[in-house]
Asks: 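Got a structure for you, written out below as structure tokens; questions coming shortly.
Within every chain, numbering begins at 1; the chains are lettered A, B, ... in the order of the sequence lines, protein sequences first and strands thereafter.
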There are 2 protein chains.
Amino acid sequence: MSVRLDATDRKILAELQVDASQSLDEIAKKVGSSKTPVWNRIRKMREAGVIRQNTVLLDAEALGLEACFFVLIRTSEHEAEWQQRFLSTLRARPEVLEAHRLAGDIDYILKVRVANARAYDSFYQALISEVKIHNVTALLSMEELKATTVLPV
Amino acid sequence: MSVRLDATDRKILAELQVDASQSLDEIAKKVGSSKTPVWNRIRKMREAGVIRQNTVLLDAEALGLEACFFVLIRTSEHEAEWQQRFLSTLRARPEVLEAHRLAGDIDYILKVRVANARAYDSFYQALISEVKIHNVTALLSMEELKATTVLPV
DNA sequence: ACTGAAACGCCACGCCT
DNA sequence: AGGCGTGGCGTTTCAGT
């Protein structure tokens, strides 16, 4: 499924990741091409799914979401039905920004953004009431040292 | 520092987070307003720093970045100089997408995206050679169940 | 594949209410 | 503060190389 991307494609992606509001002319100049080919390349990468979404990144603190937790989860349940329930719960909860199934003795990790510790507790109570979980460890972020969506291309 | 946001502002943010390429008219229609006020609100939220960045989200796998690790770090060093070195290293490394300083017995957590396990090992070797670290646990993601940049507004 | 040009749409503002 | 109008820019498309 992987798409062939040449050096120009990668330069375009690098520019778009940094600032997607740039005009085609600006991007074209920076990558050493011109408007039309840049436009065609972007369209192709969109169609191929390399470019997924055009979005804005917001300041979580300005929105009053001042607490960030990483939640390590161990479970004793590994049946399909349990997994489906767990997954639906995560998807339905907007405070869950990320969820990964892991290799090793910890089964899942979540990244959760909430207003404060109390809001985290509500989330936690809701979660354990909906699905059976063996063990939960919450890691509280004190400081976001780095946070980027820019992938190295 | 916190900005006052009313219901319309929040609706606009919700729309922009889902698709930032929508026209002002489209957004205006959806939030029950019209072009000029929507434009003014967006400009203000940009200036206030609520809207940080306009970007594209890429498919990491399509770019060949097929491995994602969460790295739990314990250190015995807590001096300013060590922290500065550690921070510079993280900032300089594009494969480090997130880094948080934590409360509790684990000091830091990183999220790292790389091509494969071998690339992770290079990163790991480079990291421990640059800064003294007491204990490292790497959690390997087997499956990304959820990943969103959309904050609940 | 890139160039040039042309058509359209949208944005960014100013003015007015 | 919202509605209206407009000049100019940006996007999208098409013919030509």
Asks: Nearest whole angstrom, please: distance from the P of C:dA12 to the CG of B:Leu24.
Replies: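 To the nearest whole Å, that distance equals 7 Å.
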Asks: Please check the phosphate of D:dT12 (OP1 and OP2 only) for any side-chain N or O of A:Trp39 closer than 4.0 Å.
Replies: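 So the side chain of A:Trp39 is within the cut-off, an N or O lying under 4.0 Å from OP1 or OP2 of D:dT12.
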Asks: Per the end-axis method with five pairs at each terminus, what is the bend angle of the helix from C:dA1-D:dT17 to C:dT17-D:dA1, to 10°?
Replies: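 Computed angle between terminal axes is 20°.
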Asks: Salt bridge check, B:Lys30 against B:Glu15: does any charged N sit closer than 4.0 Å to a carboxylate O?
Replies: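 Yes.
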Asks: Do A:His100 and B:Phe70 have ring centres separated by under 6.0 Å?
Replies: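 Yes: the rings meet the under 6.0 Å criterion.
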Asks: Examine D:dA1: is either OP1 or OP2 under 4.0 Å from a nitrogen or oxygen in the side chain of B:Lys44? Give yes or no.
Replies: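 Yes, because at least one side-chain N or O of B:Lys44 sits under 4.0 Å from OP1 or OP2 of D:dA1.
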Asks: Before accepting this row, confirm whether a basic side-chain N of the pair B:Lys111/A:Glu98 lies closer than 4.0 Å to the acidic partner's carboxylate O.
Replies: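 A:Glu98 and B:Lys111: salt-bridged.
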Asks: Looking at A:Arg41, I'd like to know whether one of its side-chain N or O atoms comes within less than 4.0 Å of OP1 or OP2 on C:dA1.
Replies: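 So the side chain of A:Arg41 is outside the cut-off, no N or O lying under 4.0 Å from OP1 or OP2 of C:dA1.
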Asks: Whole angstrom is fine here: how far is it from CZ in A:Arg43 over to P in D:dC14?
Replies: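 Interatomic distance, CZ of A:Arg43 to P of D:dC14: 11 Å.
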Asks: Hey, does B:Thr36 reach any base, or is it just sugar-phosphate, or nothing, if we go heavy atoms under 4.0 Å?
Replies: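 It contacts base atoms.
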Asks: Roughly how many Å is it from CG in B:Asp25 to P in C:dA12, rounded to a whole number?
Replies: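 Those two atoms, CG and P, are 13 Å apart.
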Asks: B:Phe69 and B:Tyr124: aromatic ring centres closer than 6.0 Å?
Replies: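 B:Phe69 vs B:Tyr124: aromatic centres not under 6.0 Å.
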Asks: Could you work out which one of C:dC10, D:dT12, D:dG10 sits closest to the side chain of A:Ser23?
Replies: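 Within the option list, the nearest is D:dG10.
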Asks: Any salt bridge linking A:Asp105 with A:Arg74? Criterion: basic side-chain nitrogen under 4.0 Å from a carboxylate oxygen.
Replies: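 Judged by the 4.0 Å cut-off on N to carboxylate O distance, A:Asp105 and A:Arg74 do form a salt bridge.
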Asks: Write down the distance between CG (B:Asn40) and C1' (C:dC11), rounded to a whole number of angstrom.
Replies: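 Between C1' of C:dC11 and CG of B:Asn40: 12 Å.
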Asks: Give the rounded distance in Å between these two atoms: CD of A:Glu26 and P of D:dC9.
Replies: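 It is 13 Å, rounded to the nearest whole Å.
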Asks: Can you tell me the distance, in whole Å, between the CG atom of A:Leu16 and the P atom of D:dT11?
Replies: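 Those two atoms, CG and P, are 11 Å apart.
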Asks: What does A:Pro37 touch in the nucleic acid at a heavy-atom separation under 4.0 angstrom: a base, only the sugar-phosphate, or nothing?
Replies: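 Answer is base: heavy atoms of A:Pro37 come under 4.0 Å of a base.
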Asks: Just checking, is any N or O donor in the side chain of B:Asp19 or B:Ser21 under 3.5 Å from an acceptor N or O on the other one?
Replies: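 Their side chains do contain a donor-acceptor pair, which is all the 3.5 Å distance test asks for.
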Asks: Among A:Val71, A:Ile73, A:Leu72, which residue satisfies the side chain to side chain contact (heavy atoms under 4.5 Å, CB included) criterion with A:Tyr108?
Replies: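 Passing option: A:Ile73.
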Asks: Does any N or O donor sit under 3.5 Å from an N or O acceptor when you compare the side chain of A:Lys35 with the base of C:dT3?
Replies: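 Not at all, since no donor on one side and acceptor on the other fall under 3.5 Å apart.
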Asks: Rounded to whole Å, how long is the line connecting atom CD1 of A:Ile42 with atom C1' of D:dT12?
Replies: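 So the two atoms are 12 Å apart, to the nearest Å.
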